[in-house]
Amino acid sequence: MERRVKYAAELDALQESGHALLSIEGLWCPSCAAATQQVIQRTPGVSEVGVSFATSTALVRWDPARLQLRELARRVRRLGYRLGPPMSAEETLSRIDRHVEGLGIRLALAAFFGMWTMLLSLLLYIDSGGIATSSGGWWIALSAGIASLPVVAFTGGPILLAGWRTLRIGVPGMDTLVGIGATAALMLSIWQLYQGQAHVYFDTAVMLVSLLTLGRFIETRTLRHAAQAINALQDTLPETADWRQENGEWHRVNADRVPPGALIRIAAGQRVPLDGRLTEGSTQLDRAVLTGESLPVAAAAGDTVEAGCVNLVSPIVLCVEAGVGQRRIDRIGARIAEAAGAKGDTQRLADSVARWVVPVALTLALLTGLVCLLIGLPVQEAVLRAVSVLVVACPCAVGIAVPVAYVAAASQAARQGILFRHPAALETLARVDRILFDKTGTLTEGRLGLLRIERRADCSLDNATLIALAARAEQGVDHPIAWALHAAAGESLAAVSEAPAQRHQRGVSREVPQWGRILVGSRAFLRQQGVACNDENTPETTSSDIQLRVELAMAGRWLATLVLEDRLREDAPAAIQRLHHHGIECAIVTGDAQAPAQKVAARLGIPEQRVYADCTPEAKALIVKHTRGIVAFAGDGINDGPALAQAAIGISVAEASSTATAAASVAIANGGISRITEARDIARRAYHVMRQNLVFALIYNAFGLSLAAFGAIPPVVAAIAMAMSSLTVVANASRLTSSLGAEDFAPSN
C-alpha cells in the first residue's frame, strides 16, 4: 500500500508540467514498445509521445486540463506494463542486466530441451525402417512433445504474451507471428497425437521460439549503451568537493552533500564538481567538455564556472549555485535520455513485414479451412490445410533475414575498428542523406599541435632547441599549451629535478641552470615581465582565432613565437569530398566560435551557411532535430551527447569520450573520419542484402501459402520448406563476409 501511495504521489507531482520522461517497466521487445506507444498516442489529451525500448522510457507531452497521468498509467497497466517516474542510470542498468540474465536462463533451457525435441523429430523425419508409422513412432512423437513443452511454455511464454497484447491493439510484430506459428504447430501436433499419428511439428514450435529468444538476447545486451551514456557522463565528475566550514576550515565531503550557497575550493588541474560563481582568484578553464572550445577560456571573479570544466592555472573558490542533480551537466544527461525516448527505436524491416504478414496469414488460414469445409472435405483435412498455411507463414526466414546480414557485416566491420551496436544502426546509416559534424576532436585532432616557429632574426638557436626550452619551462604544468609543447619536444624532453614552474595568469616562468629565466606565455605576459617582443604590429591572438601564438623569452630577451593550432585530421578533406560526391550534405555544428568554425569549413569545402557555431549541447540537439531528412551526427565529446542521441544515427569518432561513445549507435574505434564513409559503404551493402533476404523470404511465403491453401503440401513438407528458406537467407548473407574484404577499408583517395 505504501509503495502504491508513493507511486501515485510521484505521478501527481508531474501532472501540471505537461511533459515528462517516464519509465515503463516490463517491456519485453520492440513490438511491446510499439504497442505501448500506440496506446499512449490514442489517449485523449496526449499531443506527442515517443517510446524507446532501448531505455524503457516514454517521452510524453500532454494537456494537463484534458488528461490525468493516473488515467494514462491505468491504460498502460492494462497492457501489462507499469508507467512511472524515470529511473536512474544505475536502476536502468540493473533492469537491463536482470533482463539479460533472464533471457540467458530461458535460452539455456531452450537449448537443453530443444536439443531432445530436435533429435527425436529427426528420427521421425528420417523414418528409417518405417519407425514413424509404428507404435514406437507414436511414443517418440510424444516424447518430443513432452521435451518441447518447457521451451514453449517457459522460454516462449513472454513471446506468446507479447504477441497477444500487440495483436489485441492492432500492432502485430514478430512476437505475434512467432506466437501464432508456434501455437499452430503445437496444437496440430497434439491433435495428431490424439488421432494416433506420429506426424508432429513440435520442432517447428521450438525452433521459432528459440530463434526469436536468441535474437532478443543479442539485442538486449547491446541496449546497455543507452544507460551507460548517462552513467559515463556522471563518471567524468569528481565525487567529492572541498567545502569551507563556518570555522574557516576545509573539509572534503561527497559532492552531493554540498548545498547551494556553500564555498568550495578547486585546485589547479582539478575538474570542477559543482556549478557556481567564482568568488576568489582568477584562472583559465578548459570548457571543452561542455562547449567543445579548443582553447582555454579566462575566468575572473564574478564569472560562472560549471561542473565538468577543468581549472588549468591557479586555485579558485566558488560559491555553489547548483548542487548534484541540478547542474548543467546533469541537464545534459537528462537531455540524452529524453532524446532517446523522443525518437523511439528504429523499426526493423522484419517488424514492418510482420505487420501485414500476420493478418494475411490469419485470413488465408481461416478462408482455407472454411473453403475446405464448404467443398465437403473432412474436418481433419480442413484443419490440416489451415494449419499448413500457418506453418508456411512461420517467419523463420523473415525473422533471421535482418540479423544474419547484420552479424555478417558487423563482425567484419568490428575487425576494422567500426562497431555497429544493432541492426537498426546499419539500416539507418545506409539511408542517411545528411551528416552534421562536431568540429573540435571530430574534424580536427581535438588538441593543440605545433604548426610553425617564427624566430627572431638574430636568434642562433635551432628550432629543436627552442621547442625543448619552451617544453622545459612548461614541464609539470597541466594545460593544453603544455601538452602541445611536450608532444612537440617528444623524447628530447628529459625529466628534471629543478624548482617547479611559476604559474601566472597568462604564462609560466622557470629558472633553468645555464639558461637563466625562461618565459612562455602571451605577448601581454612578456610585456608584464619587462620583455619586449619584435613585430609588435602582429595582432594579439584571441579565442576567436583558429591559431594560438605563444611567445618564448630567455634571460630577458624575446626569442621566438610558437604558433599552435588544433589541426585538421589528415583524412578529413578527402572524407568530406567523398561524402559530397555521393550526395551526402555535410554541415558543422560546434560549440566553438564562428571564426575557427568558418576556417575549418573553408578548408573542407563546406558552405558557410552550413556552419552553426557557438552552440550549446542543447542547441546542437535542436539543430539535429529540425534538420530535414535522415540525419546522422558525428561527435566525440560529452557536449555532443544530446545531439548523438537525438540524431537518427549517432556516430562517435576515435578517441571520443565515454559518454559520446555510449550515446552513439556507431562507434569508430580507430582511424579518422574516413571511417565514417567506410561505415556507410558497409551499411549500404548490408542493407541491400537485408532487403534481398526479405524478398527471398516473402517469395517463399507467397508460393508456400498458395500451395498449402490448395492442399498441395502437407504440414511436414511445409516445415522442411521453411527450413530450406532459412538456409537460403543464411547463404545469401554469407556473401557479405567475402565482399567486405580488406580492399573495402583502404583509405579514401
Side-chain angles (χ1 to χ4, degrees), residues 107-157 159-160 178-213 361 365 368-369 372-373 377-397 700 704-705 707-727:
L107 269 178
L109 183 142
F112 179 78
F113 288 99
M115 174 185 65
W116 290 109
T117 303
M118 293 297 180
L119 287 175
L120 293 169
S121 298
L122 186 61
L123 288 176
L124 296 175
Y125 287 147
I126 295 175
D127 195 17
S128 177
I131 192 172
T133 55
S134 67
S135 60
W138 188 89
W139 288 103
I140 292 175
L142 177 63
S143 300
I146 293 173
S148 71
L149 288 179
V151 181
V152 176
F154 181 72
T155 304
I159 295 174
L160 298 175
V178 167
I180 290 172
T183 302
L186 189 66
M187 292 298 102
L188 176 60
S189 300
I190 293 173
W191 173 260
Q192 290 285 76
L193 287 175
Y194 178 74
Q195 295 294 317
Q197 301 293 321
H199 295 299
V200 292
Y201 316 102
F202 294 114
D203 58 315
T204 299
V206 166
M207 182 166 57
L208 287 170
V209 167
S210 300
L211 280 174
L212 187 58
T213 305
T368 300
C372 289
L373 291 174
L377 292 177
V379 174
Q380 182 175 344
E381 179 65 21
V383 172
L384 279 173
R385 290 194 183 186
V387 172
S388 292
V389 170
L390 288 177
V391 172
V392 169
C394 285
C396 281
Y700 153 77
L705 283 171
L707 293 178
F710 289 102
I713 56 174
V716 64
V717 176
I720 295 172
M722 179 183 63
M724 293 302 298
S725 70
S726 297
L727 290 175

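Predicted model, so just to flag it, every value in this text is computed and none were measured. FYI, side chains are in, hydrogens and waters are out, and symmetry mates aren't considered; it's all heavy atoms of this structure.
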A.B. asks: Give the minimum heavy-atom separation between Ala185 and Ala205, together with the two atoms involved.
C.D. replies: CB-N, 4.2 Å

A.B. asks: For a quick test of reading the model, state the closest non-hydrogen atom pair linking Leu186 to Val152 and the distance between them.
C.D. replies: CD2-CG1, 3.9 Å

A.B. asks: Decide yes or no for Thr183 and Met187: does some side-chain heavy atom of the first lie under 4.5 Å from some side-chain heavy atom of the second?
C.D. replies: yes

A.B. asks: Trp191: which residues meet the side chain to side chain contact (heavy atoms under 4.5 Å, CB included) condition with it, sequence neighbours left out?
C.D. replies: Tyr194, Gln195, Gln380

A.B. asks: With rounding to the nearest 0.5 angstrom, report the OG1 to CZ distance, Thr155 to Phe112.
C.D. replies: 12.5 Å

A.B. asks: Hey, can you pull the donor-acceptor pairs under 3.5 Å for the side chains in residues 139-151, sequence neighbours left out?
C.D. replies:
unit_1, atom_1, unit_2, atom_2, d
Ser143, OG, Trp139, O, 2.9
Ser148, OG, Gly145, O, 2.8

A.B. asks: What is the minimum heavy-atom distance between Trp138 and Gln197, and which atoms define it?
C.D. replies: CD1-O, 3.7 Å

A.B. asks: Kindly compute the distance separating CE (Met115) from CG (Leu120), expressed to the nearest 0.5 Å.
C.D. replies: 10.0 Å

A.B. asks: Any idea which heavy atoms bring Gly114 and Val206 closest together, and the distance?
C.D. replies: CA-CG1, 3.7 Å

A.B. asks: How long is the straight-line distance from OG of Ser189 back to CZ of Phe202, given to the nearest 0.5 Å?
C.D. replies: 4.5 Å

A.B. asks: Quick one: does Val200's side chain get under 4.5 Å of Leu193's, heavy atoms only?
C.D. replies: yes

A.B. asks: Which heavy atom in Gly179 sits nearest to a heavy atom in Ile159, and how many Å separate them?
C.D. replies: N-CG2, 4.5 Å

A.B. asks: Rounded to the nearest 0.5 Å, how far apart are OG1 of Thr368 and CG of Leu377?
C.D. replies: 11.5 Å

